[in-house]
Amino acid sequence: MLGKFWNRYTASTTTRAVRVLGTAKPSASIVNFRRSLCRISATNNEEASAKAAAANADSGAPTIFDKIIAKEIPSTIVYEDEKVLAFRDVNPQAPVHVLVIPKLRDGLTQLGKAEVRHEQILGQLLYAARLVAEKEGILDGFRVVINSGPDACQSVYHLHLHVLGGRQMKWPPG
Ligand code: 5GP
């Protein structure tokens with residue numbers, strides 16, 4: 001409800017801002033204002049799609065990552081072994097942004113569903129993240145992120161580690 005209101009508010013505010021600006025070259029502050037509106041709007045979209053994805057999280061339905069594992073859709077593979085696949089994120093958030101996933105999901109839709117039987121694969125995924133960081137030349141500084149559940153904006157329900165690097169990371173994360 002609040003989300004819908006906010007979407008309408010940001011859309012109408014953007015429209016007003018564009019109308020006021022006309023075709024004149026916008027000032028730096030207007031450009032920054034527009035950028036921040038876009039960011040707010042994108043954040044809303046991410047949260048909405050994360051909530052929608054969570055609704056099917058435990059249905060057992062295949063995800064887009066199953067197609068990537070089966071090589072039915074293309075991906076840029078960075079590392080692969082018997083248990084683990086690592087490929088570049090289609091929407092990179094840093095110069096290096098690689099996803100590390102278990103080839104067999106085995107109930108690991110999200111980290112929050114991990115059980116004792118998953119200990120070994122969880123360790124293998126983390127070690128694979130380190131191998132990816134080495135291959136990508138970012139061992140001096142990289143970040144590993146796992147979004148688990150809708151409040152963390154998880155959008156694909158097949159456990160995955162994001163390996164991010166190649167730029168200065170900020171803290172705290174958003
Ligand atoms: P999450 O939001 O669940 O933590 O991360 C899912 C990630 O998967 C996102 O960063 C998104 O860009 C990435 N992704 C979604 N679909 C595809 C795809 O078809 N190919 C690749 N390479 N990445 C994808």
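Ligands are counted one by one from 1 in listed order, and the atoms in each one are counted from 1 as well. Residue indices begin at 1 and follow the sequence shown.
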Looking at Gln154, which atoms of ligand 1 are within less than 4.0 Å of one of its heavy atoms? 3 (O)
May I ask you to identify, for Leu99, whether its side chain, its backbone, both or neither come under 4.0 Å of ligand 1 on a heavy-atom basis? side chain
Protein contact to atom 9 (C) of ligand 1 [nearest heavy atom, distance to 0.1 Å]: Asp89 OD2, 3.3 Å
Could you tell me the residue and atom name of the protein heavy atom closest to atom 22 (N) of ligand 1, and the distance to it rounded to 0.1 Å? Arg88 O, 2.9 Å
Of the non-hydrogen atoms in Pro102 and Leu125, which two are nearest, and what is the gap between them? N-CD2, 3.5 Å
Hey, does the side chain of Lys135 reach the backbone of Arg130 with a donor-acceptor pair shorter than 3.5 angstrom? no
Could a heavy atom of Phe65 be found less than 4.0 Å from some atom of ligand 1? yes
What's the shortest heavy-atom distance between Ile77 and Lys71, and which atoms? CD1-CE, 3.4 Å
Hey, does the side chain of His162 reach the backbone of Gln93 with a donor-acceptor pair shorter than 3.5 angstrom? no
Polar side-chain atom of Gln154 near backbone of Val156 as donor-acceptor pair, under 3.5 Å: yes
So, taking the atom named OG1 in Thr63 and the one named CG in Asn56, what distance separates them when rounded to the nearest 0.5 Å? 11.5 Å
If you measure from each heavy atom of Ile68 to ligand 1, is any distance below 4.0 Å? yes
One finds that the ligand 1 atoms under 4.0 Å from a non-hydrogen atom of Ser155 are 1 (P), 2 (O), 3 (O), 5 (O), 6 (C)
Taking a cutoff of less than 4.0 Å between a non-hydrogen atom of the residue and any ligand atom, is Glu46 in contact with ligand 1? no
Please answer whether the main-chain N or O of His158 pairs with a side-chain N or O of His160 as donor and acceptor at a distance below 3.5 Å. yes
May I ask you to check whether Phe87 has an N/O atom sitting below 3.5 Å from an N/O atom of ligand 1? no
With a cutoff of 4.0 Å, is Ser75 in contact with ligand 1, counting heavy atoms of the residue only? no
Residue, atom name and distance, where the atom is the protein heavy atom closest to atom 23 (N) of ligand 1: Val90 N, 3.3 Å
Correct closest heavy-atom pair for Arg105 and Gly60 would be NH2-O, 3.3 Å
With heavy-atom distances below 4.0 Å as the criterion, list the atoms of ligand 1 near Asn91. 12 (O)
Ring centres of Phe65 and Tyr157 under 6.0 Å apart? no
What I want to find out is whether Lys103 reaches Asp81 closely enough, with some N-O distance under 4.0 Å, to be called a salt bridge. no
Closest protein heavy atom to atom 1 (P) of ligand 1, given as residue, atom name and distance to 0.1 Å: His160 NE2, 3.1 Å
Are any of the heavy atoms in His162 under 4.0 Å away from ligand 1? yes
Taking distance alone, with N or O pairs closer than 3.5 Å, would you say His97 contacts ligand 1? no
Evaluate the side-chain contact (heavy atoms from CB on, under 4.5 Å) criterion for residues Leu131 and Tyr79: first the C-alpha distance (whole Å), next the side-chain angles of each, then the deciding distance (0.1 Å), finally the verdict. CA-CA 8 Å; Leu131 294 178; Tyr79 170 82; 3.7 Å; yes
Ligand 1 to Cys153, heavy atom cutoff 4.0 Å, flagged ligand atoms 2 (O)
Atoms of ligand 1 less than 4.0 Å from Ile64 heavy atoms? 16 (N), 19 (O)
